[in-house]
Amino acid sequence: MFKRVALIAVVGLGLASCQDGNGYSRSARANAPLPAATLALMSEKGMTKSSPILIRAYKKEAELEVWKKDTSGRYALLKTYPICRWSGQLGPKVREGDRQAPEGFYNITPAQMNPNSNYFLSFDTGFPNAYDRANGRSGSYLMVHGACSSRGCYSMTDEQIAEIYALGREAFAGGQRSFQFQAYPFRMTPENMAKHRKDPNIAFWQMLKRGSDNFEVTREEPKVGVCGRQYVFNAVSASGIRLDPVAACPTLREDEAVASAVKAKQQQDDAKVAELVRAGTAAVRLVYQDGGQHKSFSTASSGFGGSDGGVMMFAARSSAKPLDNVSRPEALLNGPEEIVLEDSAPKAAQPVVAVASAAPAKPVATEVASTSTAPRDEPATPAPVLASIGAGDGATPKKSFFQRVMSWTDAAPKPAAPAAEAIQQTVPAAAPLPPPRQQSSNKPASTDKRAELPARNATEASSRSVWPLSLF
């Protein structure tokens with residue numbers, strides 16, 4: 001017993017000795033300086049290496065952006081990195097083991113930076129956040145890391161993550177307490193919203209777009225809250241009470257100028273979506289074998305080359321191995337299958353998504369700058385289709401042209417089908433998981449997160465500063 005306690009103490013001291021008080025390692029990789037070219041780019045754009053950062057990631061385009069505050073005090077785009085690998089499908093992570101990379105808004109603190117990652121370097125996204133937990137979603141150790149291999153993560157090359165890690169490290173050293181990580185299925189453009197208007201995740205993506213619009217309009221980090229199992233942006237309770245992720249949203253107060261600018265952008269984008277639909281833009285759904293990567297990697301001959309300085313597609317220089325059992329490289333041989341969802345499909349074949357709650361959605365009341373009490377109609381639980389957004393006091397409102405073309409339902413109301421029947425006749429909300437890869441009997445599979453570890457305690461996640469050596 002004494003020997004076991006002594007061994008644990010030695011291991012603990014070994015872990016603590018390779019990290020300082022901020023959770024950073026004294027190793028060369030975790031403290032590598034920013035490249036001279038990146039420093040020159042910052043200077044050109046009026047940024048300093050210690051100014052705050054914000055990161056945005058897009059699955060479909062397989063790109064990760066790093067934004068930095070410039071001399072104006074607002075965020076400007078510093079650099080766009082091609083994502084080397086992401087897994088799963090477009091859509092949020094729902095449960096442990098579904099291979100989905102998360103989508104949503106996450107805060108990254110110094111304690112979430114992992115200098116001892118087996119995947120070169122990494123930071124934990126913080127999944128599940130308050131929104132994910134309120135909606136019953138599960139998963140752990142969802143990272144942005146190196147090694148170009150993913151099983152639910154956003155994976156970069158080792159060279160890329162070294163630079164991204166250094167940008168976060170310098171921002172924290174400059175006083176930033178946390179930076180925001182925004183993860184999207186695709187760029188929130190009218191073109192993408194029109195193409196994916198019939199996807200079962202469309203209501204969730206519209207909610208993410210509101211957060212994206214707040215950032216696009218203000219170029220400031222949106223303040224993210226959760227109430228009624230939905231995200232709210234740049235809004236606080238009018239009565240000063242704390243927002244409850246599960247309870248219905250109270251009356252919310254927003255800044256008048258920001259709310260007006262965001263509304264104008266949303267109306268402009270909605271008009272563009274309607275125009276695209278009238279012009280014949282087909283509604284589609286993309287189905288991946290298991291995620292994707294940026295075209296600069298997939299089009300490179302024999303896995304070499306691309307726009308990232310000649311990196312290897314599966315990063316053989318990485319410390320992580322074996323990678324092929326994690327990332328399923330054969331899934332990249334073909335691109336995603338594009339399924340056209342016909343507007344003229346027979347009624348019985350039209351996709352239906354069962355709403356999680358049987359209770360009708362309640363609108364979220366909003367005050368603008370304390371001077372307006374006009375309610376903002378939003379469902380307490382995100383509805384699966386555009387037609388349900390803006391439901392009012394129970395009366396059937398007259399739908400606009402935009403609502404009609406974006407809706408999966410007919411113009412006339414129909415009797416609701418039983419939930420069990422609806423599920424049997426529908427396109428599932430979560431894309432089907434790919435079949436498991438056959439594993440060699442004498443070679444254990446390697447994963448980019450430890451399934452055998454217990455689920456992370458949400459309270460401890462933000463304060464953890466000592467990482468297992470074998471984790472990501």
Side-chain angles (χ1 to χ4, degrees), residues 34 38-61 63-81 83 103-109 123 125-126 129 144 154 163-164 166-168 170-193 205-226 231-236 252-272 366 368-369 376:
L34 285 165
T38 302
L39 290 172
L41 184 61
M42 288 183 197
S43 178
E44 178 185 329
K45 295 190 174 187
M47 305 165 181
T48 66
K49 70 177 184 179
S50 61
S51 58
I53 68 168
L54 181 146
I55 296 179
R56 312 179 91 195
Y58 308 92
K59 288 180 180 176
K60 181 180 176 182
E61 294 82 4
E63 291 182 336
L64 182 146
E65 299 174 340
V66 174
W67 293 67
K68 241 181 180 301
K69 280 192 176 181
D70 58 18
T71 52
S72 72
R74 295 192 174 191
Y75 283 99
L77 179 62
L78 170 65
K79 201 169 182 180
T80 300
Y81 300 84
I83 295 176
E103 296 174 5
F105 295 81
Y106 301 88
N107 283 330
I108 314 302
T109 67
F123 65 81
T125 63
N129 62 15
V144 175
Y154 292 92
E163 183 168 311
I164 295 167
L167 288 167
E170 296 299 333
F172 288 139
Q176 187 174 16
R177 300 181 65 180
S178 66
F179 67 82
Q180 192 171 88
F181 175 64
Q182 304 175 2
Y184 299 99
F186 40 69
R187 294 186 179 277
M188 301 281 101
T189 63
E191 291 76 14
N192 277 328
M193 298 305 287
W205 293 340
Q206 288 173 322
M207 182 171 55
L208 296 188
K209 185 179 183 298
R210 289 197 290 274
S212 176
D213 288 346
N214 270 269
F215 176 75
E216 295 287 346
V217 165
T218 65
R219 285 293 194 268
E220 295 178 354
E221 178 181 305
K223 300 298 184 292
V224 180
V226 181
Y231 284 116
V232 293
F233 304 97
N234 292 327
V236 296
L252 300 174
R253 180 184 295 120
E254 297 177 307
D255 179 88
E256 182 177 4
V258 172
S260 178
V262 170
K263 183 178 180 181
K265 183 182 186 305
Q266 291 174 337
Q267 289 175 339
Q268 183 180 24
D269 289 348
D270 288 349
K272 179 63 175 177
T366 305
V368 179
R376 179 180 63 191

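In this chain, numbering begins with 1 at the start of the sequence shown.
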TODO: Please determine which of Tyr75, Trp67, Phe172 meets the side-chain contact (heavy atoms from CB on, under 4.5 Å) test together with Pro52.
DONE: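 With Pro52 as partner, Tyr75, Trp67, Phe172 yield a single side-chain contact (heavy atoms from CB on, under 4.5 Å), made by Tyr75.
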Examine distances only and state if a side-chain atom of [X] and a backbone atom of [Y] form a donor-acceptor pair shorter than 3.5 Å.
X: Asn234; Y: Lys223; value: yes
X: Asn129; Y: Phe105; value: yes
X: Gln180; Y: Pro222; value: yes
X: Ser260; Y: Glu256; value: no

Report the distance from atom [atom1] of [X] to atom [atom2] of [Y], rounding to the nearest 0.5 Å.
X: Lys59; Y: Phe186; atom1: NZ; atom2: CZ; answer: 10.5 Å
X: Thr125; Y: Ile55; atom1: OG1; atom2: CD1; answer: 11.5 Å
X: Thr38; Y: Leu78; atom1: OG1; atom2: CG; answer: 7.0 Å
X: Lys265; Y: Asp213; atom1: NZ; atom2: CG; answer: 4.0 Å
X: Met47; Y: Ser72; atom1: CE; atom2: OG; answer: 9.0 Å
X: Leu54; Y: Leu77; atom1: CG; atom2: CG; answer: 11.0 Å

Task: Derivation of the side chain to side chain contact (heavy atoms under 4.5 Å, CB included) call for Leu34 and Glu170 - done: CA-CA 9 Å; Leu34 285 165; Glu170 296 299 333; 4.1 Å; yes
- [ ] State, yes or no, whether a side-chain contact exists between Asp269 and Lys209 at a heavy-atom distance under 4.5 Å.
- [x]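 Asp269 reaches Lys209 side chain to side chain.
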Task: Check ion pair Lys69-Glu221 (N to O, under 4.0 angstrom) - done: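 A salt bridge is absent here (no side-chain N lies under 4.0 Å from a carboxylate O).
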Open item on the list: What I want to find out is whether Asp70 reaches Arg74 closely enough, with some N-O distance under 4.0 Å, to be called a salt bridge.
Closed with: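 Salt bridge: no.
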- [ ] Decide whether a cation-pi geometry holds between Arg210 and Phe233; the criteria are a distance under 6.0 Å from NZ or CZ to the six-membered ring centre and an angle within 45° of the ring axis.
- [x]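 Output no; distance or angle outside limits.
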TODO: Please report the C-alpha distance between Glu65 and Arg187 in whole Å, then the side-chain angles of each, then the deciding distance to 0.1 Å, and finally whether the side chain to side chain contact (heavy atoms under 4.5 Å, CB included) criterion is met.
DONE: CA-CA 11 Å; Glu65 299 174 340; Arg187 294 186 179 277; 2.7 Å; yes
TODO: Under the side chain to side chain contact (heavy atoms under 4.5 Å, CB included) rule, what do Lys272 and Met193 come out as? Steps first, then yes or no, please.
DONE: CA-CA 10 Å; Lys272 179 63 175 177; Met193 298 305 287; over 6 Å; no
Open item on the list: For Tyr154, give me all partners under ring-ring contact (aromatic ring centres under 6.0 Å, His included), at least two apart in sequence or on another chain.
Closed with: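 Partners of Tyr154 by the ring-ring contact (aromatic ring centres under 6.0 Å, His included) criterion, ordered by chain and then number, come out as Phe181.
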For residues [X] and [Y], report the shortest heavy-atom separation together with the two atoms involved.
X: Thr109; Y: Ser178; result: CG2-CB, 4.1 Å
X: Val224; Y: Tyr231; result: CG1-CD2, 3.5 Å
X: Ile53; Y: Ala171; result: CG2-CB, 4.1 Å

- [ ] Assess whether side chain to side chain contact (heavy atoms under 4.5 Å, CB included) is satisfied between Leu64 and Val144, documenting all intermediate values.
- [x] CA-CA 10 Å; Leu64 182 146; Val144 175; 4.2 Å; yes
- [ ] Ignoring hydrogens and angles, state whether a donor on the side chain of Ser51 or Lys68 is under 3.5 Å from an acceptor on the partner side chain.
- [x]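 There is such a pair (donor and acceptor under 3.5 Å, judged by atom type) between the side chains of Ser51 and Lys68.
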- [ ] Determine whether more than 12 heavy atoms belonging to other residues, nucleotides or ligands lie under 6.0 Å from atom CD of Glu216.
- [x]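 Check passes, neighbour count above 12.
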Open item on the list: With a 6.0 Å cut-off (strictly less than), is the heavy-atom count around NZ of Lys45, excluding the residue itself, greater than 12?
Closed with: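 Above 12, so yes.
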TODO: Applying side chain to side chain donor-acceptor pair (under 3.5 Å), name anything that partners Lys60, two or more places apart in sequence or on another chain.
DONE: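 Scan of Lys60 (side chain to side chain donor-acceptor pair (under 3.5 Å), adjacent residues dropped) gives Asn192, His196.
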